[in-house]
Protein chains: 2
Amino acid sequence: MDSRDTRTRIVRAAAELLQRQGYEGASVKPIAKAAGASVSSVYHFFPGGKQELAVEALRHGAAEYADLLSEGMAASPDPAEGVAACAHLMVASLKTSSWVDGCPVAVTALETVGRVPGIQQAAEEALAQWQRLVSTAIQRSGVPADTADELASTIISTLEGAELLSRVRQDDLPLRRAATHLSQLVRFAVAEHVP
Amino acid sequence: MDSRDTRTRIVRAAAELLQRQGYEGASVKPIAKAAGASVSSVYHFFPGGKQELAVEALRHGAAEYADLLSEGMAASPDPAEGVAACAHLMVASLKTSSWVDGCPVAVTALETVGRVPGIQQAAEEALAQWQRLVSTAIQRSGVPADTADELASTIISTLEGAELLSRVRQDDLPLRRAATHLSQLVRFAVAEHVP
DNA sequence: GCCCGACTGGATCGAACGTTCCAACCAGGT
DNA sequence: ACCTGGTTGGAACGTTCGATCCAGTCGGGC
């Protein structure tokens with residue numbers, strides 16, 4: 001059964017091209033070619049066209065990114081070290097891909113804000129999912145939920161922004177510095193709330 | 001003399017559309033129309049075509065953003081409060097524009113990383129300029145240059161990322177939380193280095 | 001063996017893309 | 001009054017965009 005296989009190949013190819021070139025830059029024909037499928041198949045599996053495909057690709061990329069964050073936060077029982085581990089995982093992924101395999105949501109989200117509601121909603125859910133993931137990991141150290149939520153929000157923000165800086169500069173320094181500072185912030189919050 | 005006037009109108013319109021729709025999404029004809037000029041004029045003033053226009057538009061937007069950061073850091077002699085002021089200026093700018101007038105560099109930079117060298121370089125210079133600006137403001141409180149540089153890097157990262165979150169969620173909470181946490185980080189560094 | 005619905009390859013659509021071209025324009029110098 | 005060189009409007013170029021159409025291929029149920 002190629003069917004489910006072809007579908008997921010298309011989603012994967014779309015996710016990859018979307019994160020590299022954005023929504024407008026990634027066109028349907030190259031996506032199909034990268035997936036080893038034909039344009040007809042794309043529109044067969046995604047009758048909603050490019051937009052529907054993009055939403056599903058975003059969800060796919062978001063799940064992969066969530067795995068990376070999970071792995072990072074699981075690297076140590078100390079969430080301060082976990083956050084740093086996330087940043088270092090991102091560095092590794094960026095380096096092995098020549099600074100191309102970054103956050104699968106940022107570009108597409110930014111260029112469609114307020115213009116393609118479906119995509120914006122998918123991006124929103126992705127960010128919320130990541131934030132929940134980080135927040136619960138922090139709460140395991142005794143930090144109250146609201147404080148952990150606030151921290152997680154800034155952690156996601158900083159990781160996103162630091163990845164932007166690192167990609168533009170082709171240099172892992174911004175991400176490594178972000179890792180240090182975020183660890184500091186988390187250590188603070190933990191020290192303050194667990195005596 | 002319309003000449004210089006038309007040119008700057010084109011640059012301004014390009015900067016605006018670039019930040020909202022990205023490099024691929026902002027096409028030449030709408031830019032010209034928004035500037036009240038004709039396509040011929042665009043190619044008259046920018047023989048290098050869309051790419052040359054984008055580079056100049058990026059520089060224009062970067063300077064405006066630098067003004068915002070300057071204003072924020074000048075709001076208080078305490079850099080911790082200055083950083084928070086920057087975030088709140090960004091909130092104000094985003095709110096009055098229905099979450100569309102954000103960082104003029106992020107989208108375009110992300111979608112052209114590794115594919116349009118001129119744009120990538122312009123984005124790199126913009127980020128470096130902002131970082132220098134923040135770093136010197138922090139150094140005025142006695143923080144050594146290398147520590148201030150590291151802080152400034154994370155500050156830019158976090159502001160960029162928080163703006164992404166705020167725009168996607170149409171909610172100023174991520175930026176306001178980032179302001180709090182960044183103030184905390186700066187206060188730390190200052191307290192550590194000035195006895 | 002046949003049929004039917006899922007799937008695919010390739011041609012094709014109108015619209016929009018970036019870019020080019022040229023005739024017209026309009027000021028300033030002579 | 002006339003040229004001249006920077007500037008403009010509008011049509012046109014070939015290409016690519018997202019999307020549609022259709023004739024076919026294919027495998028599983030009858």
Side-chain angles (χ1 to χ4, degrees), chain A residues 1-58 60 107-109 111-112 115-120 122, chain B residues 1-58 107-108 111-112 115-120 122:
Chain A
M1 234 143 295
D2 258 18
S3 102
R4 182 53 59 94
D5 200 38
T6 301
R7 217 190 106 100
T8 63
R9 268 194 346 259
I10 292 175
V11 171
R12 265 200 273 266
E16 193 167 328
L17 291 199
L18 270 184
Q19 99 179 320
R20 298 187 185 182
Q21 318 187 12
Y23 183 69
E24 308 283 353
S27 32
V28 177
K29 208 177 312 191
I31 290 177
K33 183 180 292 184
S38 84
V39 188
S40 319
S41 302
V42 173
Y43 285 92
H44 172 73
F45 289 112
F46 304 94
K50 189 185 185 181
Q51 183 174 336
E52 185 186 344
L53 171 57
V55 169
E56 184 134 343
L58 238 59
H60 175 83
V107 203
T108 307
E111 73 178 333
T112 58
R115 296 189 303 129
V116 189
I119 293 184
Q120 175 158 358
Chain B
M1 235 142 293
D2 261 19
S3 100
R4 181 54 58 98
D5 199 40
T6 300
R7 216 191 106 101
T8 61
R9 265 190 353 255
I10 292 174
V11 171
R12 265 200 273 265
E16 193 167 328
L17 290 198
L18 269 184
Q19 100 181 319
R20 299 186 185 184
Q21 318 187 11
Y23 183 70
E24 308 282 352
S27 32
V28 177
K29 210 177 310 193
I31 290 176
K33 183 179 293 185
S38 84
V39 189
S40 320
S41 303
V42 173
Y43 284 91
H44 172 72
F45 290 112
F46 304 93
K50 189 183 184 180
Q51 183 175 336
E52 185 187 344
L53 171 58
V55 169
E56 184 136 342
L58 239 60
V107 203
T108 308
E111 72 178 332
T112 58
R115 297 189 300 131
V116 189
I119 293 185
Q120 174 157 358

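Chain A is the first sequence line, chain B the second, and so forth, proteins listed ahead of strands; every chain is numbered from 1.
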- request: From the options C:dT8, D:dA19, D:dG6, select the nucleotide whose nearest atom is closest to the side chain of A:K50.
  value: D:dA19
Selection from C:dT8, D:dG18, C:dC17 that lies nearest to any side-chain heavy atom of A:S27: D:dG18
task: Could you encode protein contacts along nucleotides 20-26 of chain C as a string, one character per nucleotide from 5' to 3', using B for base contact, S for sugar-phosphate-only contact and - for no contact, with a heavy-atom cut-off of under 4.0 Å?
output: BB-----
message: Nearest whole Å is fine: how far is D:dT8 C1' from B:I10 CD1?
response: 11 Å
task: Remember a base hit wins even if backbone is also touched, and classify A:S41 as base, sugar-phosphate or nothing at under 4.0 Å, heavy atoms.
output: sugar-phosphate
- line: Nearest-nucleotide check on DNA chain D, A:G25 vs B:A37; residue mapping nearer the 5' end is B:A37
message: Report for the helix from C:dC3-D:dG28 to C:dT30-D:dA1: angle between first-end and last-end helix axes, five pairs each, rounded to 10 degrees.
response: 10°
message: Please report the distance, rounded to the nearest Å, between NE2 in A:H44 and P in D:dT25.
response: 18 Å
field: Of A:V55, A:V11, A:T8, the residue whose pairing with A:H60 passes side chain to side chain contact (heavy atoms under 4.5 Å, CB included)
entry: A:V11
- prompt: Hey, does the side chain of A:S38 come within less than 4.0 Å of C:dG9's phosphate (OP1/OP2), counting only N and O?
  reply: yes
task: Carefully, step by step, assess A:E111 and A:E24 under the rule side-chain contact (heavy atoms from CB on, under 4.5 Å).
output: CA-CA 8 Å; A:E111 73 178 333; A:E24 308 283 353; 3.7 Å; yes
field: Residue of the set B:L58, B:I31, B:I119 for which side chain to side chain contact (heavy atoms under 4.5 Å, CB included) holds with B:L18
entry: B:L58
message: With a 4.0 Å limit, can you tell me whether B:T6 has a side-chain N or O closer than that to the phosphate oxygens OP1/OP2 of D:dT8?
response: yes
query: Atom CD of A:E52 and atom P of D:dT20: how far apart are they, to the nearest Å?
result: 12 Å
query: Where the side chain of A:T112 meets the backbone of A:T108, is there a donor-acceptor pair that is under 3.5 Å apart?
result: yes
- request: Could you please name the option among D:dG9, D:dT7, D:dG18 that lies closest to any side-chain atom of A:V28?
  value: D:dG18
message: Can you give me the closest heavy-atom contact between A:V39 and A:A32, atom names plus distance?
response: N-CB, 4.0 Å
message: Applying side-chain contact (heavy atoms from CB on, under 4.5 Å) to B:Y23 and B:V107, what does each step give before you reach the verdict?
response: CA-CA 8 Å; B:Y23 183 70; B:V107 203; over 6 Å; no
- prompt: Could you give the NZ-to-P distance, from A:K33 to C:dG10, as a whole number of Å?
  reply: 12 Å
message: Looking at B:A26, is its backbone amide N or carbonyl O close enough to the side chain of B:K50 to form a donor-acceptor pair, meaning the two atoms are under 3.5 Å apart?
response: yes
task: May I have the step-by-step check of side-chain contact (heavy atoms from CB on, under 4.5 Å) for B:F45 and B:L53, ending in yes or no?
output: CA-CA 9 Å; B:F45 290 112; B:L53 171 58; over 6 Å; no
task: Take the protein atom CD of A:E24 and the nucleotide atom P of D:dG18, then report the distance between them rounded to whole Å.
output: 8 Å
- request: Given salt bridge (Lys or Arg N to Asp or Glu O under 4.0 Å), test B:E16 with B:R20 step by step and report yes or no.
  value: CA-CA 6 Å; B:E16 193 167 328; B:R20 299 186 185 184; 3.1 Å; yes
field: Atom-pair distance (CG on B:L17; P on C:dA16), nearest Å
entry: 16 Å
query: To the nearest Å, how far apart are B:K29 NZ and D:dA12 P?
result: 13 Å
- request: Grab the CG-P distance between B:D5 and D:dT7 for me, whole Å please.
  value: 12 Å
- prompt: Just wondering, do B:E56 and B:R7 contact through their side chains at under 4.5 Å, heavy atoms?
  reply: yes
- request: Pick base, sugar-phosphate or nothing for A:A26, based on heavy-atom distances below 4.0 Å to the nucleic acid.
  value: sugar-phosphate
